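For reference, positions follow the sequence shown, starting with 1. All figures in this text were calculated on a predicted structure; none of them were measured in a lab.
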Amino acid sequence: MNDAPYSPDRTDDELARLDITVLLRYGLTAEPGSRRTALFGDGAVGAAVILDRLGTEPRSVAFLADTVRAGGLAFAAELPEPLPRREAADLVREWLTAGTELKGGLAADDNAATWLRAVATIIELKQRNRARDGNA
């Protein structure tokens with residue numbers, strides 16, 4: 001895995017091509033440092049770009065974050081529909097499953113919930129900016 005820190009000069013297309021599953025696998029249980037920064041920086045933005053392009057509402061991702069915090073990654077990964085749209089649900093289930101494979105316990109669950117909340121916030125910011133700029 002590339003341990004490069006967050007890169008604010010990447011385009012949405014570049015961020016959307018990131019392997020979010022790998023970033024989760026290496027970043028969820030990592031100590032604070034470059035892997036965690038990559039997950040919460042480029043990884044969160046990349047996930048937000050992907051989910052936004054799939055028409056995902058930020059409130060759906062925020063609700064999933066609350067579900068992960070309350071029930072854990074394993075519980076959320078078993079949900080029949082973790083997000084409303086099939087393509088987004090399948091993708092997020094893959095991400096959640098990657099987190100369950102870590103056996104990181106409550107710390108991984110909490111980090112995943114925090115990360116999902118960050119993704120939801122970024123989606124909301126992207127949507128607000130589009131609406132403000134008249135590109136909704």
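- A salt bridge does not link R17 to D12: none of the charged side-chain nitrogens sits closer than 4.0 Å to a carboxylate oxygen.
- Between R36 and T29 there is no side-chain heavy-atom pair separated by less than 4.5 Å.
- Atom CD of E78 has 12 or fewer heavy atoms from other residues, nucleotides or ligands within 6.0 Å.
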### Message
Does D52 form a side chain to side chain contact (heavy atoms under 4.5 Å, CB included) with E57? I'd like the steps, not just the answer.
### Response
CA-CA 7 Å; D52 184 45; E57 291 295 326; over 6 Å; no
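- E14 places a side-chain N or O within donor-acceptor distance of the main-chain N or O of T11, the cut-off being under 3.5 Å.
- Distance CZ/F40 to CG/N111: 5.0 Å, rounded to 0.5 Å.
- Using a 4.5 Å cut-off between side-chain heavy atoms of Ile, Leu, Val, Met, Phe, Trp and Tyr, with links allowed through other members, L73 and F63 fall into different hydrophobic clusters.
- Contact annotation: the side chain of L18 approaches that of R10 to within less than 4.5 Å [non-hydrogen atoms, C-beta and beyond].
- Remark: E101 engages R25 in a salt bridge, criterion side-chain N to carboxylate O under 4.0 Å.
- A heavy-atom distance below 4.5 Å is not found between the side chains of L28 and L23.
- A salt bridge links D90 with R93: at least one charged nitrogen is closer than 4.0 Å to a carboxylate oxygen.
- No salt bridge links R59 with D66; every basic N to acidic carboxylate O contact stays at or beyond 4.0 Å.
- One side chain, R69 or T114, offers a donor N or O that lies under 3.5 Å from an acceptor on the other.
- F75 and V61 fall within the same hydrophobic cluster, defined by Ile, Leu, Val, Met, Phe, Trp and Tyr side-chain heavy atoms under 4.5 Å apart, directly or through other members.
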